[in-house]
Asker: 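Below is the structure I would like to discuss, written out as structure tokens.
Numbered from 1 within each chain, the chains take letters A, B, ... in sequence-line order.
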Amino acid sequence: MRILITAALPYVNNVPHIGNIVGSHLPADIFARFCRLLGYETLFIGGSDEHGTPIEVTARKLGIPPKKLCDVFYEIHKEIYDWFNFSYDNFSRTSREIHHQTTKEFFLKMYENGYIIEGELNLPYCENDKMFLPDRYVYGTCPKCGYELARGDQCEKCGTLLNPEDLINIKCTICNEKPIFKKVKHLFFDLSKLQKKLEEWIMSKKDIWYEHVLNLSLSIIKQGLKPRCISRDLKWGVKIPIKGYENKVFYVWFDAPIGYISSTREYFKKQNKEKDWEKFWKDKETRIYHFIGKDNIPFHTIFWPAMLLANGEYCLPYFVVGLNYLNYEGDKISKTRQWGIFCENLPKSGLDSDIWRYYLIHLIPETSDTEWKWKEFKERVNNELVANIGNFIYRTLSFLKRYFNGIVPEYELKVSDKEFLEEFKQKVNEYKKLMLKLRIRDSLRKVLEISYLCNKYFQENEPWKLIEKDRKRAETVIYICINLCFYLAILLEPFLPNTSKKLERILNKRIKSLEQIYQFNIKPGDKIGEPEILFPKIDDKKIEEIRKIVTKPLNFEELFYIDVNDLMKLNLRLCKIVEAKRLDTNRVLIKVKVDENIKEVVLNTKDDEKKLIGKYGVCTEDGLLTVGDKIITVDRNIEENARVR
RNA sequence: GCCGGGGUAGCUUAGCUGGUUAGAGCGCCGCGCUCAUAACGCGGAGGUCGUGGGUUCAAAUCCCACCCCCGGCACCA
């Protein structure tokens, strides 16, 4: 069996939170590790998604090139994934040459095959920022309800779906100037021709995919597929390789999934086996698994397979593993509201990444949204990891050390032992089946059941009593238990790689495959290492400590150094706030006087807007007067429009 | 508004192609044990399966209506 596993390419304009971890990297890693244990030819591929408007805009706001922004975040992401022990065989970047090349080749094939058509769009263009604005990057008054901050795609207040043309008094989100509309040519991917094929393909996944993934995909396809625009007027991205489109790039969603292919190619290039990547993408024997969040489902069950079909040379995904969302203590995770757990500080928590992995596995949102709860985190770690799994291993190791000085004794199996081992084997089979169906949470629960059986075996056989009256029998019991410890180490490997490594060291035995489970690998006479506590018990005080560390998101703007001399080049001025009007609970519309002109700015603040009137704020010529979300004000008497130095 | 998912013991939930006493984990109560991070094992209490109606010999499971929660509605990554 050959398996290709991909996790959603993280968009690197921010730092990942636990929702991002649980929604793709973690389940993908577990499955990859499991496949390797089964001896499958496995490749686990990932990378960062670096194109698109948000990155270009964020970079512009920070005054740095997009590449620089991505460089910094790529490293942060990579460090976090390494800390979690995600076993990527290759973690690439869509800004790399190999990706650009792969994307162009991929597209040209689709083009040759007649799936690309030309069309014209009437789009808002900001003359100030010199760019076309996606629907989300314009705002204005909703024609239906009069809400002043309706976005170009939808009014948040009344829910009406909008087009940018519908907005009254349209403004650019970046600079607040009024954009103009321009007619421009664009490329469209004509999905309509593939509707039937896609529908059949999705139907064929009826007994394989998660139910919600299937439902969503079918409901979208039944609405009918229309041509979709795949070009954008941006500078940052993969250039479109046909005449007349030299100044355009591909829509980020077009190039991003191709990143899976380019990352695979990059992997084999590094191995000096350049051609071998094709067997993972073009050989029907390969099963491709995409692990993604639910926001990505339509792209991976419709748009992406349609691209593959239009290209014609590739296999379709076998399993699109669409995960739901993880919430945090009763609400959605939100960086701006500082609500959630943010990964950059996890290493500082002092807890082994296995502990975090353990609870997060329980939260993999396979069937529905799930929720992080600190109380449950503590209980699961203490009751399950510590008291169930950790306890069995530790009591066995301690017993062996105390009564046998760490030397594995001889054994003689009784019928009851064989029956017990049979039951154990049964459970292992169930574990394997669940894992293959991508019921990862349930398979971890199965390991817990197994370790409960082990505790029960230990308890019922009472080796601490046998050691006095029937030493031979005690030897057999402990011989079985020490082998069970190794079996547990194998079963846990996909979930808790650090723990399994530790056990390999203590038991002095290498984990190679799931098959080892029936082989009594640890032999009489083997010397076992010192007993070690595998998992620490966590109390409320510790929880409080950790919570403080990991719930504070990094203010990434501080990462980007701004040269004072560059700052001085800006024409910064102190301007009087002449008017402030509250738009909603978070935002205030402010009018400032710059020289003789009135400029409007939207400020994110919950403070009393009336107090702002009459104050002086730091402005650029354009009227921006915010640094991050904060307004800089001066109370002293000051000359209007004074230059800031 | 439309579409999808869900409302089951104190909490988290399985079951939902209709059919034995609705399963499980945590928590709670009692007993046993001491090798083990007061960890382990055994036993127990606890549910009119959102509300109302219908189909059926039989419904948590199918149908209808209603109430409540969550998500999606596409050029947003």
Asker: With no hydrogens and no angle check, is any side-chain donor or acceptor of A/Ser48 less than 3.5 Å from a backbone partner on A/Arg93?
Answerer: no

Asker: Write down the distance separating the P atoms in B/rC57 and B/rG4, rounded off to the nearest Å.
Answerer: 31 Å

Asker: For A/Glu366 versus A/Tyr210, what's the shortest heavy-atom pair and its separation?
Answerer: CG-OH, 3.4 Å

Asker: Would you find a donor on one side and an acceptor on the other, under 3.5 Å apart, between the side chain of A/Asp190 and the backbone of A/Ser192?
Answerer: yes

Asker: Are the side chains of A/Trp304 and A/Met307 in touch, meaning some heavy atoms are under 4.5 Å apart?
Answerer: yes

Asker: Please classify the nucleic acid contact of A/Asp295 as base, sugar-phosphate, or nothing, using heavy-atom distances under 4.0 Å.
Answerer: base

Asker: Could you list the residues that satisfy ring pair (Phe, Tyr, Trp, His ring centres under 6.0 Å) with A/Phe303, not counting sequence neighbours?
Answerer: A/Phe189, A/Phe299

Asker: Check ring pair (Phe, Tyr, Trp, His ring centres under 6.0 Å) between A/Phe392 and all other residues, then give those that pass, not counting sequence neighbours.
Answerer: none

Asker: For atom P, what is the distance between B/rG52 and B/rA59, given to the nearest Å?
Answerer: 15 Å

Asker: With heavy atoms under 4.0 Å as the rule, sort A/Pro54 into base, sugar-phosphate or nothing.
Answerer: sugar-phosphate

Asker: Which class fits the ring pair A/Phe377 and A/Trp356: parallel under 30°, tilted 30 to 60°, perpendicular over 60°?
Answerer: parallel

Asker: Using the six-membered ring of A/Tyr245, assess whether NZ or CZ of A/Lys185 lies under 6.0 Å from its centre and within 45 degrees of the ring axis.
Answerer: no

Asker: Expressed in angstrom and rounded to an integer, what is the separation of A/Ile389 atom CD1 from B/rA36 atom C1'?
Answerer: 15 Å

Asker: For B/rG50 versus B/rG44, give the span between their C1' atoms, rounded off to a whole number of Å.
Answerer: 30 Å

Asker: Between A/Arg395 and A/Phe458, is NZ or CZ placed under 6.0 angstrom from the six-membered ring centre and within 45° of the ring axis?
Answerer: yes

Asker: Which whole-number value in Å describes the distance from A/Lys378 NZ to B/rC26 C1'?
Answerer: 12 Å

Asker: Quick one, give me the B/S/- string for nucleotides 7-18 of chain B, reading 5' to 3', where B means a protein heavy atom under 4.0 Å from the base and S means that only happens at the primed atoms, P, OP1 or OP2.
Answerer: -----S------

Asker: I want to confirm an ordering. Mapping A/Leu534 and A/Glu384 to their closest nucleotides on RNA chain B, which one lands closer to the 5' end?
Answerer: A/Glu384

Asker: Would you kindly say whether A/Glu384 and A/Tyr358 are connected by a side-chain donor-acceptor distance under 3.5 Å?
Answerer: yes

Asker: Using atom P in both nucleotides, what's the gap between B/rU8 and B/rA65 to the nearest angstrom?
Answerer: 22 Å

Asker: Hey, where does RNA chain B pair up into stems, meaning at least three consecutive Watson-Crick or G-U pairs with distances under 3.5 Å?
Answerer: B:1-7 with B:67-73, B:10-13 with B:23-26, B:28-32 with B:40-44, B:50-54 with B:62-66

Asker: Which nucleotide wins on minimum distance to the side chain of A/Tyr394, given the candidates B/rU34, B/rA77, B/rA36?
Answerer: B/rA36

Asker: Considering residues at least two apart in sequence or located in another chain, which fulfil the side-chain contact (heavy atoms from CB on, under 4.5 Å) criterion with A/Tyr111?
Answerer: A/Phe107, A/Ile116, A/Ile242

Asker: Checking all strands, does A/Lys375 fall into the base, sugar-phosphate, or nothing category for heavy-atom contacts under 4.0 angstrom?
Answerer: nothing

Asker: Closer than 4.0 angstrom, basic N to acidic O: yes or no for A/Glu449 and A/Arg445?
Answerer: no

Asker: Start at the 5' end of RNA chain B and walk down; is the nucleotide closest to A/Asn327 or to A/His212 reached first?
Answerer: A/His212

Asker: Has A/Phe399 got its ring stacked on the base of B/rC35, with centres under 5.5 Å and planes less than 30° apart?
Answerer: no

Asker: Are any protein N/O atoms closer than 3.5 Å to N/O atoms in nucleotides 40-44 of chain B? If there are, list each pair with its distance.
Answerer:
residue : atom : partner  : partner atom : Å
B/rC40  : O2'  : A/Arg395 : NH1          : 3.1
B/rC40  : O2'  : A/Gln459 : OE1          : 3.2
B/rC40  : O2   : A/Gln459 : OE1          : 3.0
B/rC40  : O2   : A/Gln459 : NE2          : 3.0
B/rC42  : OP1  : A/Tyr452 : OH           : 2.9
B/rC42  : OP1  : A/Lys456 : NZ           : 2.9
B/rC42  : OP2  : A/Tyr452 : OH           : 3.1

Asker: Select base, sugar-phosphate, or nothing to describe what A/Leu216 touches, counting heavy atoms under 4.0 Å on all strands.
Answerer: nothing

